[in-house]
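The block underneath contains the structure these notes are about, expressed in structure tokens.
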Amino acid sequence: MHQIVKREVLSPNVTRLEIEAERVAQVRRPGQFVIVRIGEGAERVPLTIADADPEAGTITLTIQAVGKTSCDLCMLQVGDGIQDVAGPLGEPTDLIEAGHAVCVGGGVGTAVVHPMAQGLAEKGVQVTSIIGGRAREWVIFEDELRRYGDVRVCTDDGSYGRHGFVTDELRDMLEAGGVDHVYAVGPVPMMGAVANVTREYDVPTTVSLNAIMVDGTGMCGGCRVSVAGQTLYACVDGPEFDAHTVDFKQLADRLAMYRSTEQQAYPASQCMIETLAEVAGD
């Protein structure tokens, strides 16, 4: 059992859990993930390792409450436990060794770019992070990312930072020049939009794909994605790929496959989401 040692509500539907996972904390690298299972018979959920403390033997997971299992995870409290934590899984991020990298995070994807920014800064790379949310209360990991470089915030409603999308700020930076690589994580439409913008400026771009995943070892095929016309598996070949070769439409269609099944379990979780929102607003 992996005990929760710290819990923090970051936004109306995003919760950060720090859990005991000593062996994972010792060897994880930026971009890798774990698959967790709350208890026997529970759904297996892939979650990126947002941070780790090897000395304390803990890892940090950031969960967005969107369905039953994610809500169940978000409702766990300090002292509760997660039965299974398997990992680290996936290929580590291919980080550039020098130059200027821009890390673009949308919503809960901002937690995923955090270890990328961390790893880039450790290599001496100049890091600029562009992060976004619907409104100020949906912006997460701003303070953490400022440890590694400049942070530019965008909100859809203009309540904080720049009024607009992360792609607006990214385009301005690309127009000014001096960007060597872009790393982007967020909703599929956002990653697709980032890829379209960077393609115009011929800037290499890496995205982390949140494909449906079951076993995390390439056996089930649930996380297959189309990259450069080939079928690859996000769990073992990724989760990160060249954004300019990803079929984002196919990815979006596959993510919607089990929407009706999830909606059947959703009503029981709606009260949990509302409770989380109330806690975040306190």
Derivation of the side chain to side chain contact (heavy atoms under 4.5 Å, CB included) call for Leu120 and Tyr183
CA-CA 11 Å; Leu120 288 163; Tyr183 298 86; 3.8 Å; yes
Would you kindly confirm whether Val188 and Leu47 end up in one hydrophobic cluster when ILVMFWY residues are joined by side chain heavy atoms under 4.5 Å apart?
no
Are Asp172 and Arg162 close enough, and set up right, to give a salt bridge (Lys or Arg N to Asp or Glu O under 4.0 Å), and what steps lead you there?
CA-CA 12 Å; Asp172 287 351; Arg162 177 171 180 163; 2.6 Å; yes
Do the side chains of Gln126 and Val179 get nearer than 4.5 Å, heavy atoms only?
no
Check Arg171 with Glu175, please: is the shortest side-chain N to carboxylate O separation under 4.0 Å?
no
Return the minimal non-hydrogen interatomic distance between Val139 and Gly133, and the atom names on each side.
CG2-N, 4.2 Å
Once you round to the nearest 0.5 Å, how far does CZ of Arg152 lie from CG of Leu170?
10.0 Å
Has Ser208 got a side-chain atom pairing as donor or acceptor with Val185's backbone, closer than 3.5 angstrom?
no
Charged N-O contact under 4.0 Å between Glu137 and Arg134
no
Do you know which two heavy atoms are closest between Ala25 and Thr58, and how far apart they sit?
CB-O, 3.5 Å
Of all heavy-atom pairs linking Cys223 and Cys235, the shortest is SG-N, 3.3 Å
Check whether Leu61 and Ile140 end up in the same hydrophobic cluster, where Ile, Leu, Val, Met, Phe, Trp and Tyr are linked by side-chain heavy atoms less than 4.5 Å apart.
no
Measuring from Gln64:CD to Trp138:CH2, what's the distance to the nearest 0.5 Å?
7.5 Å
Output for pair (Glu144 CD, Leu10 CG), nearest 0.5 Å, gives 7.5 Å
Atom CZ of residue position Arg23 - does it have more than 12 heavy atoms of other residues, nucleotides or ligands inside 6.0 Å?
no
Does the pair Ile4 and Gln77 meet the rule for a side chain to side chain contact (heavy atoms under 4.5 Å, CB included), with working shown?
CA-CA 7 Å; Ile4 297 168; Gln77 302 296 317; over 6 Å; no
When you look at CD of Glu22, are more than 12 heavy atoms from neighbouring residues, nucleotides or ligands closer to it than 6.0 Å?
no
Among the clusters formed by ILVMFWY side chains lying less than 4.5 Å apart, do Met190 and Leu209 turn up in the same one?
yes
I'd like to check Thr62 versus Val108 (side-chain heavy atoms, cut-off strictly below 4.5 Å). Are they in contact?
yes
Lys/Arg-Asp/Glu bridge criterion (N-O < 4.0 Å) met for Lys6, Asp53
no
Gln250 side, atom CD; Arg224 side, atom CZ - distance, nearest 0.5 Å:
8.0 Å
Whether the side chain of Thr69 engages the backbone of Gly67 through a donor-acceptor N/O pair (distance < 3.5 Å, no angle test) should be reported.
no
State yes or no: do Ile49 and Leu89 share one hydrophobic cluster built from I, L, V, M, F, W and Y residues joined by side-chain heavy-atom distances below 4.5 Å, directly or via other members?
no
Distance to the ring centre below 6.0 angstrom and angle to the axis at most 45 degrees; does that hold for Arg16 and Phe141?
yes
Can you find a pair of side-chain heavy atoms, one from Val45 and one from Ile63, that are under 4.5 Å apart?
no
Do other residues, nucleotides or ligands put more than 12 heavy atoms under 6.0 Å from Arg29 CZ?
no
Between Leu73 and Ile82, is a side chain to side chain contact (heavy atoms under 4.5 Å, CB included) present by the stated rule, with each step listed?
CA-CA 9 Å; Leu73 283 165; Ile82 296 173; 4.1 Å; yes
Walk me through whether Ile130 and Met173 qualify under side chain to side chain contact (heavy atoms under 4.5 Å, CB included).
CA-CA 10 Å; Ile130 304 174; Met173 290 193 65; 3.7 Å; yes
Of the non-hydrogen atoms in Asp180 and Gly99, which two are nearest, and what is the gap between them?
OD2-CA, 3.2 Å
Distance-only, no hydrogens or angles: does the His2 side chain make a donor-acceptor pair with backbone N or O of Ile19 under 3.5 Å?
no
Connected via hydrophobic side-chain network under 4.5 Å: Val104 and Leu251
yes
Closest non-hydrogen atom pair between Leu76 and Leu17, with its separation
O-CD2, 4.3 Å
For the side chain of Gln32 and the backbone of Gly90, is there at least one donor-acceptor N/O pair under 3.5 Å apart?
yes
Does His163 use its side chain to pair, donor to acceptor, with the backbone of Cys154 at less than 3.5 Å?
no
Contact check, side chains of Val225 and Asp247, non-hydrogen atoms, under 4.5 Å:
no
Between atom CG of Leu95 and atom CE of Met116, what is the distance when rounded to the nearest 0.5 Å?
8.0 Å
Please walk me through it: do Glu240 and Thr93 pass side-chain hydrogen bond (donor to acceptor under 3.5 Å, both in side chains)?
CA-CA 7 Å; Glu240 295 165 7; Thr93 306; 2.8 Å; yes
Examine distances only and state if a side-chain atom of Ser159 and a backbone atom of Ala135 form a donor-acceptor pair shorter than 3.5 Å.
no
Would one find more than 12 heavy atoms of other residues, nucleotides or ligands at under 6.0 Å from atom OH of Tyr201?
yes
For Val78 and Arg7, work out which heavy atoms get closest and say how close.
CG2-N, 3.8 Å
Would the number of heavy atoms belonging to other residues, nucleotides or ligands and lying under 6.0 Å from CG of Asn196 be above 12?
yes
Output the distance between atom CZ (Arg37) and atom CD1 (Ile35), rounded to the nearest 0.5 Å.
11.0 Å
